[in-house]
Amino acid sequence: MKCKYSKLINKFFDGELEASMDKEVFTHLYKCSECRKQIELLKTVKGLLRRYEPLKADNNFTFRIMDEIENRFNKGWDFLIKPLAIKLILALAMVFVVLSFISFSGLNKDKTVSLEEVLLASNYTSNEKIVLSNENLSEYDVFRLTLN
Amino acid sequence: MSDEKQLLEQAQLGDKAAFGQLIDLHKDKVINIAYKLSNNYEAAQDIAQESFIKAYTKLSSFKKEASFMTWLYRVTYNTACNYLRKNKIKTLFLHENIAIDPRETPEEAELKDIVNEAVELLPLKLKAVVVLRDYEGLTYKEIAQVIKRPVGTVESRLARARLKLKELLADYIEG
């Protein structure tokens, strides 16, 4: 049967148990060979892993990074401005798309035609247009006239 | 530590020389983590360099909720994950760029390779917790901050990783 403390062995080994539980497991180890074996295995594996010889960065490491930073962000605040500029362009593009959509959908709706627009669209000569525009006609009248 | 705090504050204000000193303080740690995660010397150099550049660009977002070192480990871990995902690198067990300890016997060198291979066989997420705990000595809470997962996940991943390592190194352990 598996010992009820076995689930706590990893945390005990790593010093991650609360003080009272840590002491309880510690006391338990005296009488449980299964848990002691688990601890020994963890120690062996960790010991093997720690045989690793740490690497040292070469002498030019910091210089290379600072040089790369200088190359990438040589305009001082570029690294902040560039992302902001991209966001601004995207936002403007979105606004443009939304406005285009709104104005396009508005084309199908009834539209009030101004007198000037009617005159411009009609076949009247420019002189007639001036006369018509000076007369006190309603837009409707003018529109009807253009249809004749 | 207070020196680091001061350097950090200066670097956050745009002092590049201060950031250079922060690199000097942490470059060995970062290169070692990058190496242990990639098991490839060239990749470790690239990951370490990219991690420091990312740290430089994100320095203003560092909120001091964790230590700078933990935050830097996190940047390195994320950079390594992205790098390893993008570049399906071949791991090398012969490292001509790494100094060989003259006191090391052939048996010890072989054992080192066996351990390296065993760690390399772990999936990245299991390997990461082993590296951070057993090589770097981080607490569960710090590891949780690095990998951005709950402490419970760290515990279970570490348990699984150690179990796997015990299986992989069984011959040596029992011998």
Side-chain angles (χ1 to χ4, degrees), chain A residues 2 5-18 21-22 25 34-84 86, chain B residues 14 16-17 19-24 26-32 34-36 41 44-45 48-53 56-57 60 95 97-101 104 108 111-112 114-116 118-119 130-131 133-135 137 139-141 151 154-156 158-159 162-163 165-166 168-170 172-173:
Chain A
K2 203 168 187 181
Y5 286 94
S6 68
K7 280 186 178 175
L8 297 172
I9 293 300
N10 263 307
K11 283 180 88 173
F12 172 80
F13 180 72
D14 290 324
E16 293 276 346
L17 287 175
E18 289 193 7
M21 185 53 77
D22 196 70
V25 175
E34 191 188 327
C35 288
R36 276 203 308 275
K37 195 182 171 193
Q38 254 189 284
I39 294 279
E40 285 307 313
L41 282 173
L42 287 173
K43 272 164 77 175
T44 309
V45 171
K46 193 170 186 170
L48 288 174
L49 294 175
R50 290 242 164 133
R51 279 169 175 249
Y52 168 83
E53 193 73 32
L55 296 179
K56 289 258 176 220
D58 63 75
N59 293 336
N60 292 326
F61 184 81
T62 305
F63 174 78
R64 277 202 314 275
I65 292 173
M66 294 314 290
D67 196 42
E68 185 63 27
I69 286 173
E70 201 60 43
N71 287 338
R72 286 199 205 178
F73 316 114
N74 57 0
K75 285 174 188 164
W77 294 99
D78 259 18
F79 70 94
L80 282 178
I81 292 167
K82 274 182 188 169
L84 282 178
I86 290 166
Chain B
K16 285 182 185 169
F19 187 73
Q21 288 184 62
L22 283 174
I23 297 176
D24 279 336
H26 298 295
K27 60 185 178 183
D28 290 340
K29 285 263 181 198
V30 168
I31 251 188
N32 276 287
Y35 178 70
K36 284 166 206 153
Y41 187 77
Q45 293 285 332
Q49 176 169 317
E50 206 50 41
S51 300
F52 278 114
I53 292 170
Y56 177 76
T57 60
S60 57
H95 313 291
N97 291 307
I98 298 168
I100 295 164
D101 185 349
E104 194 174 79
E108 283 173 331
L111 179 61
K112 214 186 268 185
I114 290 167
V115 174
N116 266 341
V119 174
V130 168
V131 166
R133 174 65 219 163
D134 287 341
Y135 288 101
T139 64
Y140 288 8
K141 192 181 167 193
V151 171
V154 175
E155 278 177 42
S156 61
L158 199 53
R162 283 171 172 169
L163 198 64
L165 282 175
K166 269 189 252 173
L168 292 166
L169 299 169
Y172 180 78
I173 290 169

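The basis for the numbers below is simple: all heavy atoms, side chains too, and nothing from hydrogens, waters or symmetry mates. All figures in this text were calculated on a predicted structure; none of them were measured in a lab. Chain letters run A, B, ... following the sequence lines, proteins first, then strands; residues in each count from 1.
Partners of B/Arg162 according to the salt bridge (Lys or Arg N to Asp or Glu O under 4.0 Å) rule, which considers only residues two or more places apart in sequence or in another chain, are A/Asp14, B/Asp134. With sequence neighbours excluded, no residue forms a salt bridge (Lys or Arg N to Asp or Glu O under 4.0 Å) with A/Arg36. Residues passing the salt bridge (Lys or Arg N to Asp or Glu O under 4.0 Å) test with A/Lys46, sequence neighbours excluded: none.
Under the 4.5 Å side-chain criterion, counting only non-hydrogen atoms from C-beta, B/Glu155 is not in contact with A/Glu16. Considering only heavy atoms from C-beta on, B/Phe52 stays 4.5 Å or farther from A/Thr62 through its side chain. Counting only heavy atoms from C-beta outward, the side chains of A/Ile69 and B/Ile53 approach each other to under 4.5 Å. Under the 4.5 Å side-chain criterion, counting only non-hydrogen atoms from C-beta, A/Thr44 is not in contact with B/Lys166. Under the 4.5 Å side-chain criterion, counting only non-hydrogen atoms from C-beta, B/Tyr41 is in contact with A/Leu55.
For a residue to count as touching a neighbouring chain, one of its non-hydrogen atoms must lie under 4.5 Å from one of that chain's; by this rule B/Val130 touches chain A with the side chain only. For B/Lys29, no part sits under 4.5 Å from any heavy atom of chain A, backbone or side chain. For B/Gln49, the parts lying near chain A are the backbone and the side chain together; criterion is any non-hydrogen pair under 4.5 Å. Contact of B/Ala48 with chain A is made through backbone and side chain together, with heavy-atom distances under 4.5 Å. Looking at B/Glu50, only its side chain comes within 4.5 Å of chain A, counting heavy atoms on both sides.
At least one donor-acceptor pair closer than 3.5 Å links the side chain of B/Asp28 to the backbone N or O of A/Ala57.
Here CD1 of B/Ile23 is found 5.5 Å from CE of A/Met66. Values are rounded to the nearest 0.5 Å. Put simply, CG on B/Asp24 and CZ on A/Phe61 are 10.0 Å apart, with the number rounded to the nearest 0.5 Å. Atom CD1 of B/Ile31 is separated from atom CG of A/Asp58 by 6.5 Å, given to the nearest 0.5 angstrom.
Proximity to chain B at a heavy-atom threshold of 4.5 Å picks out A/Asn10, A/Lys11, A/Phe13 from residues 5-13 of chain A, in numerical order.
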